[in-house]
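The residues of the chain are indexed from 1 along the displayed sequence. Whatever order the structure lists ligands and atoms in, that order sets their numbers, starting from 1. For clarity, every value in this text was computed on a predicted model and none was experimentally measured.
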Amino acid sequence: MPKMPRATADNTAATAVTGRAADALSPAQKALEKLGLKRDIDLALHLPLRYEDETRIVKLDEVREGQQAQIEAVVTHQEVTFRPRRQLIVTVHDGSDTCTLRFFSFYGSQQKALAVGNRIRVRGEVKGGFLGRTMLHPSFKAAGGNLPTALTPIYPTVAGLPQPYLRKAVLAGLARSDLSDTFAPGDLEVLHKGIGHQPLWTLRDALSFLHHPTPDVSLDTLMDHSHPAWQRLKAEELLAQQISQLQSRRERAALRAPTLQAVVGGTLHTRLLAALPFGLTQAQQRVGAEIAKDMARTIPMHRLLQGDVGAGKTVVAALAAAICMDAGWQCALMAPTEILAEQHFRKLLGWLEPLGITTAWLTGTQKTKERRAMLALIESGEAQLVVGTHAIIQDKVKFKNLALAIIDEQHRFGVAQRLALRNKLHHEEMEPHLLMMTATPIPRTLAMSYYADLDVATLDELPPGRTPIVTKVVSDHRRDEVIERIRGQIAQGRQVYWVCPLIEESEALDLTNATQTHADLAEALQGATRADGQPVLIGLLHSRMHADDKKAVMGAFTAGLMSVLVSTTVIEVGVDVPNASLMVIEHAERFGLSQLHQLRGRVGRGAAASACVLLYSTGDAPRLGEAARERLKAMAETNDGFEIARRDLEIRGPGEFLGARQSGEAMLRFADLATDTALLEWARAEAPMLLDRYPHLAQKHVARWLGGKAEYLKA
Ligand code: ADP
Ligand code: MG
């Protein structure tokens, strides 16, 4: 492909377009495909990043430094110099002032076009400076000719796809697209009333305008997407997403699941409830009832149980499992790490074994013999409850009659893993009920959009008697004070977590880091004593350790034998040691907000006052970066997981918040879930109406907006 002359895009526009459009396999067309612009409608929906104003000619003496300007002027001087490097220097005068144009790469034809005496139209950013006004590599053409009446769009593009070519392609796509309304008659008015925008914009008007806005528009409203034309587009996009989610929800409703009717009186469920050392909170009761109701239905439950760290999700899961077992079916609980799975296993064993339940345990690191025994228990149905890691979804694991699958910390699992668990019921076209749990609360707007296919239950109340955790942000220079604090906790018989950061590039470095910290801490804490006279033990836990060793360390910490646990982030999820009262997070500036909140949630689980120390280091920099400061500030200001999630969403944006795995291709392009709440509410109400009353319109709408991508939204 011939290179675009860098001096000017305008001069070559015509050849770029006509020359390549004729060629069937042109690089530009390949580039279009690469951008996902295959259909006319894809082109029509490819919206500008920004605009340039070519509608006006201004005078040089009115132009402020740094401004984009278009002038018409006469060339008064031209020369090629070689110092400091080869460049073409052209001076122009427009009657009000002069300006120097500089080009570091140029063709002879351009030099000719810029001959002294020629009148030219020049556009570019005007810089001031010692030698007067200059423009670096401006675009130019002969003066005269019509001025465009609309702003010039600048599109997102890739290498090999010049703006003029893309502009023509978009314009053609826009002209050929069927942009007839897909909203139900009358519903547009509802939308516009809802968001307070007049007059009504049709899709065609909105798109035509956004591609070629008139110069009188406020650029701010285009850039922040608040312009009515943008509102119309965002409403369309959100509606497509909502319809697609609703469709997958309805597809699920056509599936069957075992009906797990809660059995009243003298049952496992009742006995478990009676045996618990505490009463359920209101929230736990409410959520438990919602889950019970779901499981009594003939369609598979698809429920997300979200609750802040320490809200008491495990017992809710255990009670759901009890209902399942009461009805004569098997239940599986899958957790993302061995430590967490093990902890669930012990807890459930403690609650259920006395009630006569056999529980199986499955993990990847299990000895073959033990594993065989477990597989047999599961296949025969003797084990009514199975707890484990990913090992549960392996092919070899055959359930007799799995009816309830529970996934803890569900955000740690991928779509494929969730599906694999759902496929573990080999029974007449049935699927088990699915209960997913997470301590990373999903902000409402996300729950309404990406998780619209899920029923969400929320534990919005912590068990009683918890004292709020006090969070302190402390510079690494004050490490000694932190050590003193640890001594104090140890003396009182309390326990302490010390978390080392994950070093992304290298697991090995990670390990050295944690090992070193462990050694340093052991030395710094020499002479510390415990009130009960027991020796002060300081443990180390990291991901490279053998499973048995991890188990031993975690066991010693849980039993209270160990005072301090130095750890990499392996303890992040779910670990429950109520006697732990101090959490120190080293290099807290490197952690994400949700992760910090999860880690902090490891303390404050008992009645004792707990604290979290966020140790930060600025390294060689004078101060922390903006985002890191925001995160630490948010942590110090609130303990509320929902508020943390909201701020996390704000700091990171929904794409990163959801993680690439969950968002994939499905990310919204135009709407912003953090701010477009009103539109989202509208789309949520509109989707079922459209789907029910005008299914063909709904279909057309989804096809227009999502093309082949609708599948991504369902996973
Ligand atoms: P998470 O929601 O983070 O998974 P857990 O289920 O681990 O929380 O519960 C945290 C702690 O609170 C556990 O020690 C659990 O036994 C305890 N707990 C749960 N529910 C209650 C309750 N209603 N009253 C008192 N303690 C409770
Ligand atoms: Mg948990």
Side-chain angles (χ1 to χ4, degrees), residues 269 272-291 303-322 333-352 354 387-389 406-413 435-442 456-469 494-495 497 554 557-560 569-581 583 594-608 610 612 639-642 644-645:
H269 185 263
L272 173 56
L273 210 49
L276 288 176
F278 46 77
L280 297 185
T281 62
Q282 292 272 332
Q284 283 169 323
Q285 289 175 28
R286 189 193 69 236
V287 162
E290 280 176 65
I291 293 170
R303 190 172 277 279
L304 179 71
L305 169 56
Q306 60 175 12
D308 209 345
V309 278
K313 295 182 286 293
T314 317
V315 68
V316 174
L319 287 165
L333 171 60
M334 179 162 79
T337 66
E338 191 153 343
I339 289 182
L340 187 54
E342 158 103 18
Q343 182 187 284
H344 281 322
F345 179 63
R346 299 219 166 283
K347 191 155 226 169
L348 294 173
L349 207 65
W351 284 337
L352 295 169
V387 180
T389 59
I406 304 172
I407 304 181
D408 196 18
E409 308 293 346
Q410 72 91 26
H411 57 282
R412 291 294 197 91
F413 291 96
L435 176 63
M436 293 168 271
M437 308 199 285
T438 183
T440 303
I442 299 160
V456 179
T458 305
L459 280 179
D460 49 9
E461 177 187 2
L462 291 180
R466 304 264 169 90
T467 6
I469 306 164
R494 300 268 165 224
Q495 290 165 280
Y497 292 103
M554 211 49 228
F557 191 70
T558 309
T569 50
V570 285
I571 60 147
E572 180 192 340
V573 287
V575 179
D576 184 32
V577 181
N579 188 47
S581 57
M583 162 70 62
S594 302
Q595 207 182 7
L596 287 174
H597 181 64
Q598 290 254 340
L599 284 168
R600 174 170 63 182
R602 297 310 111 214
V603 295
R605 304 193 142 231
S610 295
C612 173
N639 270 316
D640 177 351
F642 284 87
I644 294 271

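Between Val315 and ligand 1, not a single N/O pair is under 3.5 Å apart. Residue Gln284 has at least one N or O atom closer than 3.5 Å to an N or O atom of ligand 1. At a 3.5 angstrom cut-off on N or O pairs, Gly312 counts as close to ligand 1.
For the pair Ala439 and ligand 1, no heavy-atom separation below 4.0 Å is found. Between Lys347 and ligand 1 there is a heavy-atom distance shorter than 4.0 Å. Not a single heavy atom of Gly307 lies less than 4.0 angstrom from ligand 1. Under the 4.0 angstrom criterion for non-hydrogen atoms, Gly465 is not in contact with ligand 1.
For ligand 1 and Gly279, the ligand atoms under 4.0 Å from any heavy atom of the residue are 22 (C), 23 (N), 24 (N). In summary, the atoms of ligand 1 found under 4.0 Å from a heavy atom of Arg605, numbered by their order in the structure, are 3 (O), 7 (O), 10 (C). Below 4.0 Å from some heavy atom of Thr281 lie the following atoms of ligand 1, by number and element: 23 (N). With ligand atoms numbered from 1 in the order given, ligand 1 contributes 4 (O), 5 (P), 6 (O), 7 (O) to contacts under 4.0 Å with heavy atoms of Thr314. Counting the atoms of ligand 1 from 1 in the order shown, those under 4.0 Å from a heavy atom of Val309 are 3 (O).
Ion pairing between Asp308 and Lys313 fails under the 4.0 Å rule for side-chain N and carboxylate O.
No side-chain donor-acceptor contact under 3.5 Å links Thr458 to the backbone of Gln306. Glu461 places a side-chain N or O within donor-acceptor distance of the main-chain N or O of Ala283, the cut-off being under 3.5 Å.
Here the shortest heavy-atom pairing between Ala439 and Glu409 reads N-OE1, 3.9 Å. Nearest heavy-atom pair, Ile406 versus Ala317, reported as atom, atom and distance to 0.1 Å: CD1-O, 3.7 Å. Taking every heavy atom of both residues into account, Ala335 and His344 meet most closely at CB-CD2, 4.1 Å.
Taking the six-membered ring where the residue is Trp, Trp351 and Phe278 present perpendicular rings, their angle passing 60° and hence far from 30°.
Judged by distance alone, the side chains of Asn639 and His597 never bring a donor and an acceptor atom under 3.5 Å apart.
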